[in-house]
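What follows is a single structure, written as structure tokens, with notes after it.
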Amino acid sequence: MAKAKKKQALGRGLSALLKDPENDIKSADDKNADKVVGNIIELDLNTIEVNPFQPRTSFNEEALQQLAISIKELGIIQPITVRKLGYDQFQLVSGERRFRASKIAGLETIPAYIRIANDNESLEMALVENIQRQDLDPIEVALSYQRLIDEIDLTQEQLSDRVGKKRSTITNYLRLLKLDPIIQTGMRDGFLGMGHGRALINIEDHDTQLEAYEKVISNSLSVRATEELVRSLSNKNSKSPSIAKTATTPQFISEGSSKISNFFGAKINVKSAANGKGKITIPFSSKEDFNRILKLLQRD
């Protein structure tokens, strides 16, 4: 018990050091930085802002309330991590659930590890820490991997070293982002697992993907059954290219397409079926271009 009190007193002492304007620590080379950086310090909750780089965007309110009750009874077991922004200003790097729950619990301070990091380092720390969580859905993991590649400029090899995962594992997650957005949402909502997603990604056509997705959901198919479904759909569709090659474009479409293109000032795309039905796609390059096309359609 005496040791715990001593640790808390030390934390309060370091906290006071941070509030001293004459000891405004901005880098690891500043005076007293070694006493602050990497140590656990009690920080006022109102001096901490949430991390704009936080890859997690949704928090279960019921789970937060339960965590708040636990914090009231047991306190913060694992400190949060923050980076120093300026004098008595900090930003979360990891631990947003604990931070939010502490506010709900009515705490005024929270134990925190102090880091000094730039924006890229902060983003990387937040993303890597988020990836290590056990309760993430596959799409959330994939998005975190993609952000590390795009925003930190990491290669898949470097990313593999950062997160301690095989490169093939990272590749499998990243491929999920090629799924139709509706299927990605289904995975985020827990209707599909990683195995289902890996099977469906082998279907390149998004309409066929959605067709398979609906069958998986409506029939509660297992991963193995989903793989069989994908194989059957792939075999069925593999015959269509040869048919498409031999099919000729009807004359009325050939003649009419150029007229429609000239009218809209854009090269349109026309797809037709053997039964005479079809689809016309009109591309646009910007909001202004879209509005131009809309005005053409609204002419009397």
Side-chain angles (χ1 to χ4, degrees), residues 54-67 97 127-150 156 159-160 162-247 269 271-281:
Q54 163 65 271
R56 185 161 220 167
T57 55
S58 60
F59 294 86
N60 185 293
E61 289 300 323
E62 184 179 350
L64 281 177
Q65 292 290 342
Q66 292 174 352
L67 181 57
R97 286 184 71 252
L127 287 167
V128 172
E129 192 268 348
N130 194 60
I131 289 168
Q132 306 304 335
R133 299 184 61 84
Q134 299 298 312
D135 58 346
L136 299 183
D137 63 74
I139 298 300
E140 195 166 15
V141 174
L143 288 170
S144 293
Y145 285 154
Q146 192 63 58
R147 287 191 67 186
L148 280 165
I149 290 171
D150 293 342
Q156 287 194 27
L159 181 54
S160 174
R162 292 285 204 286
V163 300
K165 301 287 184 182
K166 293 181 179 178
R167 184 177 175 181
S168 58
T169 300
I170 292 170
T171 301
N172 285 331
Y173 273 104
L174 291 173
R175 290 183 70 228
L176 296 177
L177 299 179
K178 295 181 180 179
L179 288 167
D180 187 277
I182 293 175
I183 301 175
Q184 291 187 38
T185 301
M187 293 186 72
R188 299 204 70 168
D189 291 339
F191 295 117
L192 296 179
M194 176 77 174
H196 293 96
R198 288 183 62 183
L200 292 173
I201 197 63
N202 291 309
I203 303 174
E204 293 185 4
D205 180 68
H206 278 215
D207 289 339
T208 309
Q209 270 188 17
L210 290 174
E211 178 189 343
Y213 170 69
E214 290 172 3
K215 289 181 179 179
V216 171
I217 297 299
S218 60
N219 297 297
S220 301
L221 297 184
S222 65
V223 172
R224 193 165 188 174
T226 301
E227 291 170 345
E228 290 292 335
L229 172 63
V230 169
R231 275 194 288 271
S232 67
L233 288 172
S234 298
N235 291 334
K236 182 180 74 173
N237 293 334
S238 65
K239 300 174 183 179
S240 57
S242 59
I243 296 173
K245 286 178 183 178
T246 57
N269 182 39
K271 289 184 178 179
S272 64
N275 61 4
K277 295 181 179 179
K279 182 169 65 174
I280 298 173
T281 303

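Being a predicted model, the structure only gives us computed values, none of them experimental.
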Would Val163 and Tyr145 satisfy side chain to side chain contact (heavy atoms under 4.5 Å, CB included), going step by step from the backbone distance to the final call? CA-CA 9 Å; Val163 300; Tyr145 285 154; 4.0 Å; yes
What I'd like to find out is whether the side chain of [X] reaches to under 4.5 Å of the side chain of [Y], using heavy atoms alone.
{"X": "Tyr173", "Y": "Gln146", "answer": "no"}
{"X": "Leu174", "Y": "Thr171", "answer": "no"}
{"X": "Gln184", "Y": "Leu176", "answer": "no"}
{"X": "Tyr213", "Y": "Leu179", "answer": "no"}
{"X": "Glu140", "Y": "Arg188", "answer": "yes"}
{"X": "Ile217", "Y": "Leu192", "answer": "yes"}

Would you compute the distance between atom [atom1] of [X] and atom [atom2] of [Y] and round it to the nearest 0.5 angstrom?
{"X": "Ser144", "Y": "Leu159", "atom1": "OG", "atom2": "CG", "answer": "10.0 Å"}
{"X": "Lys178", "Y": "Ile203", "atom1": "NZ", "atom2": "CD1", "answer": "15.0 Å"}
{"X": "Thr226", "Y": "Asn202", "atom1": "OG1", "atom2": "CG", "answer": "11.5 Å"}
{"X": "Leu229", "Y": "Ser222", "atom1": "CG", "atom2": "OG", "answer": "10.5 Å"}
{"X": "Leu67", "Y": "Arg97", "atom1": "CG", "atom2": "CZ", "answer": "5.0 Å"}
{"X": "Ser234", "Y": "Asp205", "atom1": "OG", "atom2": "CG", "answer": "10.5 Å"}

Smallest heavy-atom separation, Gly193 atom then Met187 atom, equals O-CE, 3.4 Å
Between [X] and [Y], is there a donor-acceptor pair closer than 3.5 Å when you use the side chain of the first and the backbone of the second?
{"X": "Asp180", "Y": "Ile182", "result": "yes"}
{"X": "Asp137", "Y": "Ile139", "result": "yes"}
{"X": "His206", "Y": "Pro181", "result": "no"}

Would Arg231 and Glu228 pass as an ion pair if we require N to O under 4.0 Å? yes
Any carboxylate oxygen within less than 4.0 angstrom of a Lys/Arg side-chain nitrogen, looking at Lys215 and Glu211? yes
Go through it in stages, so that I can follow the logic: the residues are Val141 and Lys165, the test is side chain to side chain contact (heavy atoms under 4.5 Å, CB included), and I'd like the CA-CA distance, side-chain angles, deciding distance and then a yes or no. CA-CA 12 Å; Val141 174; Lys165 301 287 184 182; over 6 Å; no
Show your working on side chain to side chain contact (heavy atoms under 4.5 Å, CB included) between Thr169 and Asn172 and close with a plain yes or no. CA-CA 5 Å; Thr169 300; Asn172 285 331; 5.6 Å; no
